[in-house]
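Just below is one structure, and these are the notes that go with it.
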Amino acid sequence: MLETKYNHKKVEEKKYEKWLDKGYFLSGDKTKTPFSMVLPPPNVTGKLHLGHAWDVTIQDIIARYKRMDGYDVLWLPGMDHAAIATEAKVVAKLKEEGINKYEIGREGFLKKAWEWKDEYAKNIRNQWAKMGISLDYSKERFTLDEISTKAVNYAFIKMYNDGLIYKGKKIINWDPEAKTALSNEEVIYKNVEGAFYHLKYYIEDSNEYLDVATTRPETLFGDTAVAVNPKDERYNKLIGKNVILPIVNRLIPIIGDEHADMEKGTGCVKITPAHDPNDFEVGNRHDLQRIVIMDESAHMNENALHYKGLDRFEAREKLIEELKEKDLLIEIEKITHSVGHSERTGVMIEPYLSQQWFVKMRPLADAVLANQKTEGKVNFIPERFEKILNNWMNDCYDWCISRQLWWGIRVPAWYKDGEMKVQVESPGEGWVQDEDVLDTWFSSALWPFSTLGWPDNTELYNRYYPTNVLVTAYDIIFFWVARMVFQGLEFTDKIPFNDCLIHGLIRDKDGRKMSKSLGNGIDPMDMIEEYGCDALRFFLTTNSAPGQDLRFDEEKVKSTWNFINKIWNASRFVLINTENLKEYDFKNLTFSDKWILTRLNKTIEEVRKNMDKYEFHNVGSELYSFIWNDFCDAYIEFSKFNMDNISSKSTLLYVLENILKLLHPFMPFVTEELYSNLKIKETESIMISPYPNVKEEFNFDDTINVMEDIRNFITKARTIKKENNIKKDAKYKFESDNSDAYILISNTLKLTEENKIDQNNDDYNELIIDSKSNELQNTLIYYYKESLEDKNKVIEELKKEKEKLENSISRREKLLSNPGYVNNAPSNLVEEEKRKLENEKLTLSEIIKKII
RNA sequence: GGAUUCUUAGCUCAGUUGGUUAGAGCACCUGCCUUACAAGCAGGGGGUCACAGGUUCGAGUCCUGUAGAGUCCACCA
């Protein structure tokens, strides 16, 4: 028999291994309809955080539900090589060991990186196991494995041949720490303290100068013009003249360009085409020279004259000193401005002119936008997230996909004598492969189909693609979701997933983002240790509406634990009382059996409806109130009165069995444990049992209102009894027009035979509790000794109730006499109003009698 | 500047296509060790749904405006 308390550690032990051994997570049953999802591959850089725990639990709920409901579920796991992030971590680790990556070379470094990957992949798999998620490990993939590499190479070459990938020299976001280019999405803008340095650019052959303000004075070495707005009357007459570039003393032209904003700063802008994206454009318009003044680690080069070799910030400092000395500095204006930082290394981005590979976005984005207007669009849940996709697709810029790293898929391009060939294999002797690797997201973008063996025409691909649903957080929509959609459309002519279920981000108790720097992060593994995986899962998935952020509140995890303990104990009760039951027998159902079976049907219906809509918080509250309020508080209590009835025992066990199944996707471990203790069950594991369906023969709809009346009457009786201090052994008289109600009420209120009296003895006063409705009429009279004071109190109470009823009745009458309501409102609501009105009138008439 | 979410009980959140006395958990008050569960049971109190208008027979829900909080994108010489 079960222990008296739920012990999550014991319950969650060894079950996962068993499921794995039995092969329950495997896909491939061809007799069933396929259902597929790919797991958003976590980076192999660390451990899973609460956000992952949330994300994987949602998916596992879907997977388990669909599997139980008869689908052949493929939930494909995998991990992401996370080029920059991993390379940065491996470099840091090597540094600790005193190794420089360039010393050991590309091959040596990659060996180390693979070792790192293997170690972290193992950790991640352990954490997946702890979360209880039902992944098909036989299909596990890695973004750098052969299957993925093949797909990436194919995609790259195809896009190159179709003109969708090109190589070009442009200003890109450069990370001087990782020494690589980044895409715009990998740049995070932060507000930092900085300054506007106002510099004197003397006009040629004159004592006058232009006040040119810049936040990055060290870039002046790359200046090839100063721009003013052609409409700016202060300066436009100077267009065509030259200014003397400070320190360098080179002559550079004053040009007229719309880019110079008259309202902003001084109206004069220095133009550095090799170090600023806007200036790059200006440079193109005016055919200006591009002078690169820094090397790849953001140290000044020979173009910066005597500053050569200095770091950019050091150079800035020294340059300012020199400008001051030479009286070329007008002022330093302190400002706070937003500056791009590398998402991974955290260093300030340097806009940098370099040769990179790009994906031409416009045609791909337009295809997505066009597709979202069709029936075959990606269905976002909640819908509003489609706008984020569309906004991003509307104004996007070409995607820089080359990275100057080693950890990644190498660009399949070969060079010899100024010639370039794009292909996988070396074209032959003397050809050298491009040193760059591709952006991680380029491989992730192909994930839903590359994992299934595309571009080959595989059985997996044909059976499971497109996938049914993708689950991820909203912060990843443009990084990943958008890219999968356009690559899916480009290569497979299909959207990669029909539904895209978006959840929010996890915040701490005070609503702040969880981050390392704040130190407010919570390790899901600690929560599992403390409260169990089932409690964590249920908390994560039932405490917010789709798309909303979730505040992590340990108290709520704790109260979920209590809920599980409640289920545990209810199960104990059922198991203890049904030990001898060999098979279900529903021939002799009592009134409360019929009621709970009907309520179970309604619950199944609601739960299924909400499961299909991914509204898990609704499923949660539906199950919570059914289990706790209906099953435990009411039904189990009532069942105690008919323990000799085999049909009642059957009902107890049957309802429990169904509760466990309904809960299983949320709480896989405890439901498996309890299910394994059931005497009657269809399957050896709850995982492979069929998900509950509504059973028409268990619909006894007329029990619902009657039971509601009975329970209300019981509550009312208890309240009045408590308020009036009626003793347990008070004499009473009880009448009911319904024998089921009579039994349930007298048993529950403990109305014993010995306290029952027929006639009022003059010594007693009467306390009448009654309820009148069309379904049920009860009168319970307690006889007791009371003071006059008590009696007046009772009258007061009755008067209050009378007043309440009168208000309610007049409100309902007004409502029902309103033709607008009666004609327009749904008829079942109108009927319900009428019924309640009738019942209230009956009750009121009784109260009036008593007051008189 | 553009987009978007949020404002409901002391706290954290639900509240489906508008349906008329707004729900839950936790916290609070009262009484119970009634053997499935005191991590529980039985009762109870607590909300002019941010504010102001509008549409409607009917608004927490739809529309307009205001205030506050958050997030994303763009710009930031």
Side-chain angles (χ1 to χ4, degrees), chain A residues 2 4-6 184 189 191 194 196 212-216 219 226-227 259-261 264-272 276 278-279 282 335-339 382 384-385 387-388 390-392 395 474-475 477-478 504-505 507 509 511-513 542-545 547-553 555-556 558-577 609-610 613 615 617-618 620-621 624-625 628-629 632-633 636-637 640 714-716 718-723 728 750 804 807-808 811-812 814-815 818-826 828-830 832-833:
Chain A
L2 302 178
T4 50
K5 264 178 196 170
Y6 163 55
N184 296 29
Y189 285 85
N191 281 327
F196 261 136
V212 175
T214 175
T215 52
R216 296 188 298 152
T219 61
V226 168
H259 168 63
D261 187 335
K264 219 182 266 179
T266 57
C268 307
V269 178
K270 65 197 258 321
I271 301 298
T272 323
D276 181 282
N278 290 313
D279 294 2
V282 177
I335 54 159
T336 306
H337 61 150
S338 120
V339 178
R384 65 185 138 90
F385 289 105
K387 284 186 204 162
I388 295 189
N390 289 342
N391 286 346
W392 197 67
D395 41 38
Y474 59 71
D475 63 336
I477 292 176
F478 47 84
L505 306 177
R507 296 174 175 281
K509 207 174 178 303
R512 301 173 303 176
K513 258 189 183 167
T542 62
N543 271 282
S544 72
Q548 291 307 123
D549 286 352
L550 174 66
R551 282 195 201 200
F552 188 82
D553 184 349
E555 284 302 309
K556 287 194 179 182
K558 212 171 180 174
S559 93
T560 305
W561 190 99
N562 290 355
F563 176 45
I564 300 177
N565 188 51
K566 184 76 183 176
I567 297 164
W568 183 266
N569 274 293
S571 304
R572 281 190 69 225
F573 175 85
V574 174
L575 294 173
I576 289 166
N577 288 290
K609 208 168 83 191
N610 284 300
K613 290 194 291 184
E615 308 240 337
H617 65 296
N618 285 341
S621 45
Y624 189 98
S625 75
W628 206 310
N629 303 335
C632 294
D633 291 347
I636 285 185
E637 292 308 317
K640 289 176 180 171
I714 290 170
T715 300
K716 188 176 167 187
R718 281 170 167 161
T719 312
I720 293 175
K721 208 175 147 189
K722 190 177 177 186
E723 277 170 1
K728 274 180 188 169
K750 301 197 166 61
K804 258 193 194 168
N807 286 338
S808 182
R811 192 188 59 82
R812 282 191 218 280
K814 204 174 147 194
L815 190 60
N818 177 350
Y821 176 73
V822 179
N823 296 332
N824 297 318
N828 60 322
L829 286 176
V830 180
E832 186 68 11
E833 276 307 313

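Each chain gets a letter, A, B and so on, in the order the sequences are listed, and its residues count up from 1.
For the OP1/OP2 pair of G15(B) and a distance below 4.0 Å, the side-chain nitrogens and oxygens of His617(A) include at least one atom meeting the criterion. For the pair Lys721(A) and G31(B), the criterion of a side-chain N or O lying under 4.0 Å from OP1 or OP2 is not met. A close approach under 4.0 Å does occur between a side-chain nitrogen or oxygen of Thr715(A) and OP1 or OP2 of G43(B). Residue Thr719(A) places at least one side-chain N or O closer than 4.0 Å to OP1 or OP2 of G44(B). Regarding contacts with the backbone of U4(B), every side-chain N or O of Arg384(A) stays at 4.0 angstrom or more from both OP1 and OP2. Contact annotation: Asn543(A) does not reach the phosphate of G25(B) (side-chain N/O to OP1 or OP2, under 4.0 Å). Residue Asn390(A) places no side-chain N or O under 4.0 Å from the OP1 or OP2 atom of A3(B).
A distance of about 27 Å separates the C1' atoms of C13(B) and G58(B), rounded to the whole Å. With P as the reference atom, U12(B) and U7(B) are 12 Å apart, rounded to whole Å. To the nearest whole angstrom, the two C1' atoms, one in G46(B) and one in U30(B), are 15 Å apart. Of the C1' atoms belonging to G47(B) and A27(B), the separation is 16 Å, rounded to the nearest Å. For the C1' atoms, the distance from G53(B) to A59(B) is 13 Å, rounded to whole Å. With both ends at atom C1', the span from A14(B) to A22(B) equals 11 Å, rounded to whole Å. Nucleotides G45(B) and G10(B), compared at atom C1', are 13 Å apart to the nearest Å. Rounded to a whole angstrom, the distance from the C1' atom of G23(B) to that of U8(B) is 10 Å.
Side chains of Phe478(A) and Asn184(A) form no contact here, defined as non-hydrogen atoms less than 4.5 Å apart.
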Check nucleotides 70-74 of chain B for protein N or O atoms closer than 3.5 Å to its own N or O atoms and list the pairs.
{"unit_1": "A74(B)", "atom_1": "OP1", "unit_2": "Tyr397(A)", "atom_2": "OH", "d": "2.8"}

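Remark: C1' of C57(B) and NZ of Lys814(A) are 11 Å apart, rounded to the nearest angstrom. Rounding to whole angstrom units, NZ of residue Lys387(A) and P of G2(B) are separated by 15 Å. Asn618(A) has its CG atom 15 Å from the P atom of A24(B), to the nearest Å. The CD-C1' distance, from Glu555(A) to G10(B), rounds to 15 Å in whole Å. Between the NZ atom of Lys5(A) and the C1' atom of U35(B) there is a distance of 14 Å, given to the nearest Å. Nucleotide U34(B) holds its P atom 16 Å from the CZ atom of Phe573(A), rounded to whole Å. As rounded to whole Å, 10 Å separates atom P of C41(B) from atom CG of Asn562(A). The CG atom of Asp633(A) sits 14 Å away from the C1' atom of U34(B) (whole-angstrom rounding).
As the counterpart of G40(B), C32(B) is assigned, both hydrogen-bonding distances of the Watson-Crick or G-U wobble pattern falling under 3.5 Å. When both pairing distances are held under 3.5 Å, C75(B) makes no Watson-Crick or G-U pair with any nucleotide shown. Pair assignment for U7(B) gives A67(B), based on Watson-Crick or G-U wobble hydrogen-bonding distances that are each under 3.5 Å. When both distances must be under 3.5 Å, the Watson-Crick or G-U wobble mate of G47(B) does not exist.
For the pair Asn569(A) (side chain) and Asn565(A) (backbone), a donor-acceptor distance under 3.5 Å is present.
Between Thr560(A) and Lys558(A), the side chains place no donor N or O within less than 3.5 Å of an acceptor N or O (distance only, hydrogens not considered).
In this structure, the separation between CZ on Phe563(A) and SG on Cys632(A) is 8.0 Å, given to the nearest 0.5 Å. Rounding to the nearest 0.5 Å gives a distance of 12.5 Å between CG of Leu829(A) and CG of Asn824(A). To the nearest 0.5 angstrom, Arg812(A) atom CZ is 5.0 Å from Glu833(A) atom CD.
Judged by distance alone, with hydrogens and angles left aside, Lys556(A) brings a side-chain donor or acceptor within reach of the base of U12(B), the pair sitting under 3.5 Å. Taking only distance into account, the side chain of Lys750(A) never meets the base of U34(B) through a donor-acceptor pair shorter than 3.5 Å. Side-chain atoms of Ser338(A) come within donor-acceptor range of the base of C76(B), with a qualifying N/O pair under 3.5 Å. The base of U16(B) sits with one of its N or O atoms less than 3.5 Å from a complementary donor or acceptor on the side chain of Lys613(A).
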Go through it in stages, so that I can follow the logic: the residues are Ser544(A) and His617(A), the test is side-chain contact (heavy atoms from CB on, under 4.5 Å), and I'd like the CA-CA distance, side-chain angles, deciding distance and then a yes or no. CA-CA 6 Å; Ser544(A) 72; His617(A) 65 296; over 6 Å; no
Intermediate values then yes/no, side-chain contact (heavy atoms from CB on, under 4.5 Å), Leu505(A) and Tyr474(A): CA-CA 8 Å; Leu505(A) 306 177; Tyr474(A) 59 71; 3.7 Å; yes
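Note on Asn565(A): only backbone sugar-phosphate atoms sit closer than 4.0 angstrom, heavy atoms only; bases stay farther off.
Residues Cys632(A) and Asn818(A) each lie close to RNA chain B; by heavy-atom proximity, the contact nearer the 5' end of the strand is made by Cys632(A). The residue among Arg551(A) and Ala825(A) whose nearest nucleotide of RNA chain B lies closer to the 5′ end is Arg551(A).
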